[in-house]
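Read through the structure below, which is laid out as structure tokens, and then see the notes.
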Amino acid sequence: ETTLTVHYPMPGFFKDVMDTISKKFMEENPDIKIQFASPSATYEEGIQTILRQAGTSEMPDVTFVGLNRLRMLNERKVGVDLSQLVQKDGNMTEQGFSDTILKLAQVNGKQVGLAFATSNPIMYYNADLVKAAGGDPDNPPKTWDEVIALGGKIKALGNGVDGIDFRWQGDDWMFSALLFGAGGKMLNEDESKVAFNGPEGQRAVETLHRMVTEGGMPVFTKAAGEQAFAAGKVGFEFQTTGALRNTIKNVGSKFDLRTAKIPLIDPVNGRLPTGGNAVVILTQDEAKQDAAWTFAKFAAGPYGASVVVPGTGYVPNNELAAKSAEYLGDFYKQNPLFRAGLSQMPVMVPWYAFPGTNGVKVTQTIVDNLSRIVDGSAEPKDALDDAADEVQGMLPRS
Amino acid sequence: MSALSLRGITKSFGGNLILKGVSLDAGPGEFIALVGPSGCGKSTLLRILAGLDYADQGEILIGGREMSAVAAANRNIAMVFQSYALYPHLTASENIAVPLAMRRLSRVQRLPFVGSLIPGQRAIRAGIAHDAKEMAKSLKIDHLLDRKPGQMSGGQRQRVALARAMVRHPSVFLMDEPLSNLDANLRVHARGEIVELHRRAGVPTVYVTHDQAEALSMADRVAVMIGGNLLQLASPQAIYDDPAHIEVARFVGQPRINLLPAIAEAGIVTFGGIRLTLKNMTQPKARVTVAIRPEFVHISKSRHDGLPAHIERIEFLGSEVILHCRLDAIGETVIVKLSPAEAAGLATGAPVGLQLLPERAMVFAEDGPRLGSVVAAADAKREKTHG
Amino acid sequence: MSALSLRGITKSFGGNLILKGVSLDAGPGEFIALVGPSGCGKSTLLRILAGLDYADQGEILIGGREMSAVAAANRNIAMVFQSYALYPHLTASENIAVPLAMRRLSRVQRLPFVGSLIPGQRAIRAGIAHDAKEMAKSLKIDHLLDRKPGQMSGGQRQRVALARAMVRHPSVFLMDEPLSNLDANLRVHARGEIVELHRRAGVPTVYVTHDQAEALSMADRVAVMIGGNLLQLASPQAIYDDPAHIEVARFVGQPRINLLPAIAEAGIVTFGGIRLTLKNMTQPKARVTVAIRPEFVHISKSRHDGLPAHIERIEFLGSEVILHCRLDAIGETVIVKLSPAEAAGLATGAPVGLQLLPERAMVFAEDGPRLGSVVAAADAKREKTHG
Amino acid sequence: MTTSALSLGRIIRLTLLSLGAIVFLAPYLFMISTAGKAQSDIFTSSLSLIPEHFNYVQNFTKALSRVPMGMLLWNGVVVCGLIFFFQVLVAIPCAYAMAKLRFRAARMMMVLVMLGLLVPIHATALPIYVAFDRVSLLNSYAALVAPFTISVFAIFMFLQFFRAMPDDLIHAARLDGMSEVGIVARVIVPNAWPAVTAFAIFSVVAHWNDLFWPLVVISKQDYATPPLGLMYFRAAEAGDDYGALMAATLTITLPLVAVFLLAQKRFVEGITMTGLKG
Amino acid sequence: MASVASIAMPRDPAVAHRCSEARIAWMLALPAIMLLFFFVLLPVVAVIILGFTDFELGYGQFRFVGFENYAHLITDRTFRKSLWNTSIYAAIVAPVSIFLGLAIAMLIESETTARSFFRTAYFLPVASLIVAMATVWQYMFHPTIGPLNALLSLAGLPGPNWLGSSGTVLYSLSIIGVWQSAGFNMVLFLAGLTAIPRELYAAAEVDGARSAVDRFFLVTWPMLGPTTLFVVTISITNAVKVFETVKTLTEGGPNKASEVLLFTIYQEGFVYLRVGYASAMTVVFLLILVVLMFLQYRLLDRRVHYT
Ligand SMILES: Nc1ncnc2c1ncn2[C@@H]1O[C@H](COP(=O)(O)OP(=O)(O)OP(=O)(O)O)[C@@H](O)[C@H]1O
Ligand SMILES: Nc1ncnc2c1ncn2[C@@H]1O[C@H](COP(=O)(O)OP(=O)(O)OP(=O)(O)O)[C@@H](O)[C@H]1O
Ligand SMILES: O=P(O)(O)OC[C@H](O)CO
Ligand SMILES: [Mg+2]
Ligand SMILES: [Mg+2]
């Protein structure tokens with residue numbers, strides 16, 4: 001019998017999901033026992049825990065890492081390269097792991113993990129407010145211009161109501177939603193130069209700026225925005241589809257909650273970043289690695305997805321799960337709110353991870369400069385250029 | 001009208017009745033010494049007078065004015081606390097200056113920092129410091145003015161506390177054992193200062209002490225409080241020579257008064273072979289106590305001269321000698337006070353004869369009150385001898 | 001061999017020399033009273049003896065054994081502290097039992113919980129409780145055995161502290177003002193208990209007190225310490241009647257000895273019109289002080305009978321009366337001690353004549369030491385009168 | 001001074017105290033109210049303290065069943081108890097030596113103590129973590145307890161307290177035949193109760209609530225402390241289960257409040273050394 | 001340590017005694033000294049050494065880089081910002097919580113009814129778990145649906161964006177800081193107040209200290225000296241060590257407006273994983289605290305009266 005210690009972040013999202021999956025897994029694989037390490041509150045704390053424990057006896061056998069932190073793990077040579085295991089299996093596609101999906105958890109061609117839960121940013125809206133402001137809830141706005149205009153009208157309703165909550169805080173993910181949506185890129189091809197302050201980037205920050213000036217977006221902290229939206233005080237909210245289940249619970253029957261695709265600045269070339277996390281194998285023990293691989297595939301596989309998707313709001317990362325009625329086929333018919341994320345799957349591209357040791361700091365720098373735009377203390381262009389300058393300085397020299 | 005009067009003060013602590021209706025009047029400028037055994041409620045009475053504690057019943061009048069609604073700070077009473085209660089963070093001179101500062105400086109001038117900016121306060125402060133220094137001089141602590149209480153010996157602290165009370169011009173002085181920690185010489189000196197101050201100030205003073213010499217020598221009247229009752233309030237002479245109650249007789253006088261059990265019947269008191277005739281004594285046969293002070297017992301080296309006794313212990317006290325003698329007849333101990341010259345040649349164990357001066361004997365009823373006075377020795381000779 | 005001896009003890013606190021080379025020997029079973037003004041270093045000396053503080057120089061021997069390397073806990077000394085130092089968390093009986101438990105119970109038996117499982121400890125504990133109770137009875141605190149120090153009055157606490165020291169069988173007793181907070185009657189009783197215990201135990205005892213009656217009546221010898229020096233160590237009688245130093249004379253005796261400035265020349269001392277002849281007095285002309293105790297000054301109502309003076313103040317002390325008289329000739333105050341009978345009829349301001357008994361007068365050099373003794377009054381009559 | 005009637009001053013005083021108490025308790029009112037709300041009731045635009053549907057049972061059930069609350073509380077008790085025990089055991093003799101014995105290192109100790117007071121565990125967590133890993137101490141009660149066995153706060157506090165204890169008391173104990181260890185055990189400790197109780201409050205509160213250090217050294221749930229357990233209700237992203245979170249918080253805060261209620265009487269009773277004169 | 005004991009027995013009795021006393025003192029203090037050594041001194045030394053390296057979490061080795069980290073610190077905008085923010089925060093929270101703690105303690109002390117209720121009410125924040133309370137404060141401070149702004153709007157005042165705006169975030173955190181620590185100070189002051197002999201107040205009354213203000217300045221304040229010194233020390237260090245609220249509520253934002261020292265260190269060390277640089281920051285942080293304490297003791301200790 002093999003015992004695997006499994007660590008995961010964000011128990012608020014994943015505790016029930018993990019419990020269900022591991023139970024089922026142990027039923028199917030009686031010779032493998034799953035035991036959970038204390039979960040971490042966030043992706044960041046999760047990776048800190050892993051890096052601290054790397055090489056110690058405390059290191060878990062399996063962990064789940066935010067997609068944008070895989071690069072960091074790889075650079076620090078923590079975790080097992082799954083490429084051989086993928087090759088050995090040979091039939092990954094049949095198991096539902098298409099190349100696109102495998103790619104989400106690759107760094108420089110190396111298979112660092114298997115994407116477990118994937119997300120993309122969507123638009124949540126309060127149909128009651130939209131109606132009150134003269135919009136058509138069944139026909140939600142498709143461009144940022146429409147969103148901003150309607151947001152302004154909602155704000156004008158008064159009574160402490162705000163138009164938009166765009167989740168720009170925390171990390172660069174939502175910024176990349178605007179940037180990629182305009183067809184832009186973070187760095188140039190060889191990753192030596194900052195590229196996010198090109199015209200696409202400028203349109204992205206301009207859009208953010210207009211949400212504040214015209215769309216009725218206040219300066220919210222992360223939690224404040226979410227709470228205000230749940231309270232029915234915000235018209236549009238833009239954030240990960242992963243938060244859908246919780247948003248539904250928080251809103252209850254207070255208002256008519258709807259979701260829709262997030263607008264793209266460039267509807268043709270626009271892409272969206274993939275959020276979520278991947279399962280990573282840490283153990284160096286051969287026997288455990290096999291067991292861990294089995295678990296990784298199970299969790300990231302169709303059954304896992306069929307648990308994760310309804311339990312959270314993430315989009316299925318496994319094609320079998322999405323298509324087969326055995327898993328999720330009927331689910332989307334019955335739960336239209338979950339369709340927004342699903343419908344955006346074709347435009348998902350990997351969440352960009354910056355190279356070098358300053359990866360995390362770069363994201364923080366971008367967020368800090370965004371906040372200057374949102375609170376009106378800097379012109380969008382200036383803030384963007386400042387961010388570009390600072391980030392350029394943090395990129396690896398060679 | 002009396003300057004200070006207490007009427008029927010009672011006070012109990014958690015069910016224990018400590019003061020059982022104490023009444024007391026003091027004339028203007030009268031000095032009253034309050035004595036009594038430890039724990040009898042002396043300090044409690046002073047605290048009630050000062051407004052630091054409240055009586056359960058009774059009233060307090062100062063200068064004819066009812067005080068119960070007046071806060072301690074407004075009664076204008078100066079008090080020396082038994083525990084000194086000096087401010088530990090202030091120097092001796094600052095301690096002495098506090099009551100003056102509280103009276104001479106305005107509310108604003110007293111504030112720290114701010115106060116020192118107000119015009120005029122400097123001159124006032126100088127005056128206060130001067131007065132404090134004068135007071136300290138008269139109590140011989142002027143060399144300690146910059147020390148804090150922690151750096152002084154017990155006696156020095158006590159004098160600072162005394163100076164703090166004496167520097168003021170209050171309407172009443174209350175002093176709670178203000179000299180207990182001084183050595184004999186210093187005590188005599190301080191006694192003089194207090195008497196002098198009291199004469200100058202002419203305000204009623206209540207003075208608690210457990211030193212009888214102090215009480216008897218300083219006071220106009222002495223109040224003896226025992227078990228929560230004021231048993232006697234009279235001149236020192238009367239308290240000593242003419243106690244109204246056996247407890248008063250027992251408590252006052254050093255060495256202690258001799259108390260001998262006796263039987264009284266039809267005006268004749270009999271004990272250990274002695275018979276005394278009492279004036280105003282009519283009651284039937286009863287147990288009584290005969291009391292006689294040690295200085296009124298004479299001793300003779302012949303055991304046939306008076307009551308036969310043996311010397312049990314001899315105490316040398318410098319200017320006098322105390323003999324403890326056991327009466328052969330009734331086994332009671334009688335204390336005799338002699339001058340060293342008279343005591344010369346006496347030794348422990350020696351047989352002696354004791355003569356009790358009958359005209360100085362007092363008779364008390366079994367429950368305490370005085371019973372008339374002795375007229376004469378009916379028969380001062382022994383009636384029978386034992387072994 | 002003396003049971004306890006101190007040799008040249010010096011001690012200074014931060015530059016102030018407090019003890020200036022104190023030497024003292026006590027025989028086995030000797031009771032030594034240590035007196036001196038407040039702050040003269042009495043407590044410090046006791047603490048050094050007990051090993052609680054260290055002398056800068058000098059040595060301490062107990063039973064002939066050098067003590068400097070012996071820790072306080074191993075010296076087997078019992079001490080009553082001036083501040084009681086009772087354990088606040090223990091009841092009176094537990095307080096008294098502590099030194100016994102420390103000695104009679106083994107280390108393991110003393111442990112809480114575990115200790116009570118060790119065989120034999122129950123009997124020992126019962127013995128300890130019994131002894132503690134007996135001790136308490138003899139000091140009249142057996143009704144307080146279950147109270148904690150916080151629930152007792154000062155005098156009661158002091159007796160518990162006394163009991164804690166007396167319950168042991170130490171090799172030396174040290175007592176630092178053990179009776180200061182008791183009222184007069186209780187004090188006399190406790191004095192008796194201490195003397196009795198001391199006699200039974202037969203170990204050297206050093207007893208600090210500021211009560212002269214205590215020192216003189218209890219001690220075999222009295223040590224007078226003034227300003228860090230042991231000025232005299234002698235029998236009570238000698239200390240009182242034959243002081244070796246003016247400071248000793250001034251310190252001992254109540255009321256204070258009369259000190260009068262005089263001039264000595266060729267064996268003749270002259271002051272205020274009186275001339276005394278001195279034995280063994282050879283030095284040339286010098287200022288001296290003549291000392292005479294108040295009981296050796298006689299008074300006459302005629303101012304021509306002796307030195308003319310006026311009565312300044314009369315103090316009534318119960319069994320005696322103290323007169324303060326100012327000598328007309330030299331303006332000095334002379335204190336006179338009388339019995340109430342002798343004082344009858346005297347009033348403040350009245351002129352009187354004072355007779356100083358010349359054979360009881362003592363003469364001291366200006367820097368303090370005694371100068372021979374008086375042989376006779378060369379001329380006890382006044383030479384001239386003023387105004 | 002013991003007027004029980006409502007004087008003007010007293011009314012002002014009571015009003016001030018009550019208003020202040022309301023302000024200080026406001027977050028708790030919200031907490032209690034939230035613990036009884038359904039998730040959709042919590043964030044509404046209308047201010048209502050009384051839950052629309054009483055969901056106390058559901059939330060508390062969730063709080064108790066979703067995490068092994070009994071085990072968490074037990075771990076909390078064990079860890080806080082051990083920490084407190086060792087802190088007192090180590091700090092009292094040390095503070096006694098510094099306050100009442102003459103030794104040359106006392107000054108150096110004082111400097112060390114002050115330094116210790118300044119260094120937050122966050123600053124030294126990493127070296128300690130690495131050291132614990134080397135000796136395989138991670139994931140154990142020892143790892144949770146060991147770094148806090150030395151409390152400079154305790155030494156500092158006891159030092160202040162012991163300085164006020166009269167020397168004569170210790171002298172009396174020496175003459176009664178006690179060793180220095182005996183004095184600490186039999187005289188100092190029994191009389192240091194007010195200080196020990198006050199310190200107990202601070203120590204227990206700090207370590208019961210500490211999240212940082214358990215997060216660093218504990219990855220196995222067997223040793224999770226209550227705050228670590230609370231993590232199950234929290235996440236960085238959208239939507240926590242606030243009702244259950246508040247129910248869980250209440251569950252782990254109540255023991256502390258109970259401890260404080262028990263302890264406060266004793267230690268506010270006062271620090272009086274009544275075995276002594278004046 | 002043992003060397004003290006090994007000195008040959010000197011002849012002077014005082015010295016001999018002092019040695020045995022010192023030996024016992026060492027013995028009693030030894031456990032504390034050893035633990036201090038292992039859990040404070042040694043880790044601090046390790047941090048100092050790390051401060052001279054480029055150590056990063058996850059990488060096996062590291063290099064010594066001399067003062068490079070310190071040189072970098074001087075130009076680090078974030079570090080300077082967090083230094084400034086920490087100063088502001090401490091300058092608000094320490095004095096306010098000390099004053100409030102004292103005021104509450106005095107009010108409670110002079111009150112006869114409901115004492116233990118008030119004590120508990122004010123102490124509760126000390127006993128609260130900040131991870132959970134963060135959520136509550138988040139809500140209290142919510143710009144649109146929060147009760148605070150709801151109250152303000154009742155009074156017709158526009159509510160600030162408490163935690164959301166870089167202008168107010170530090171003050172909002174200060175409010176929480178005061179809320180958390182006033183009860184702590186209150187408890188210490190209560191203990192200090194009960195230790196003041198009642199007799200001194202009696203003496204003050206008799207001396208004519210009529211008003212409460214007089215009695216405060218004559219007795220209470222000076223007698224609280226040692227307690228106050230203790231409270232000041234604890235309050236300042238605790239305020240400078242603010243971390244949990246920032247971590248859980250604002251993550252240093254918006255735009256570093258609530259970046260404080262410990263959070264910056266944490267961020268560098270645990271989030272950016274640059275342990276070497278974080279260690280250099282820690283060293284500076286400790287130096288600042290040491291200097292602060294030194295100054296404080298210089299200024300205050302000699303003014304305080306110890307009974
Ligand atoms: N606050 C109090 N609570 C309970 N009992 C008290 C209190 N204050 C005084 N007592 C009791 O009241 C009695 C009288 O106390 P008080 O201090 O007045 O005595 P005293 O005559 O001054 O004694 P002493 O000569 O020893 O100073 C004592 O028995 C004492 O125990
Ligand atoms: N620890 C100390 N530091 C400095 N000075 C001290 C210390 N202990 C005592 N003294 C000083 O030494 C002198 C002697 O003190 P000690 O306590 O021995 O006096 P004492 O004779 O017992 O007086 P009392 O009769 O008042 O008890 C005093 O002047 C005192 O101020
Ligand atoms: O929450 P996820 O997994 O969808 O990831 C999205 C980013 O964290 C949003 O900032
Ligand atoms: Mg009294
Ligand atoms: Mg003394």
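Keep in mind that this is a model prediction, so the values were computed, not measured. Keep in mind that the numbers below use all heavy atoms, side chains included, and drop hydrogens, waters and symmetry copies. Lettering of chains follows the sequences in order, A, B, ..., and the numbering in each one begins at 1.
Of the two parts of B:Arg75, neither the backbone nor the side chain holds a non-hydrogen atom closer than 4.5 Å to a non-hydrogen atom of chain E. Neither the backbone nor the side chain of B:Leu174 comes within contact range of chain E; no heavy atom of the residue lies under 4.5 Å from a heavy atom of that chain. Both the backbone and the side chain of B:Tyr87 come within less than 4.5 Å of a heavy atom of chain E.
If you tally non-hydrogen atom pairs under 4.5 Å between each of E:Val219, E:Val213, E:Leu218 and chain B, the highest count goes to E:Leu218. Of the residues considered (B:Ala165, B:Ala78, B:Ala73), B:Ala73 shows the highest number of contacts with chain E, using heavy-atom pairs under 4.5 Å.
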Let's go through B:Arg164 and E:Val206 carefully: what are the C-alpha distance in whole Å and the side-chain angles of both, what is the deciding distance for side-chain contact (heavy atoms from CB on, under 4.5 Å) to 0.1 Å, and is it a yes or a no? CA-CA 11 Å; B:Arg164 180 175 62 176; E:Val206 167; over 6 Å; no

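Taking each heavy atom of B:Met102 and E:Arg210 in turn, the nearest pair found is O-NH2, 4.3 Å.
Other residues, nucleotides and ligands contribute over 12 non-hydrogen atoms within 6.0 Å of the CZ atom of E:Arg80. The number of heavy-atom neighbours closer than 6.0 Å to NE2 of B:His143, taken from other residues, nucleotides and ligands shown, is above 12.
The distance from the CZ atom of B:Arg103 to the CG atom of E:Asp207 is 7.5 Å, given to the nearest 0.5 Å.
Looking at heavy atoms from C-beta onward, E:Leu200 lies out of side-chain contact with B:His89 at the 4.5 angstrom threshold.
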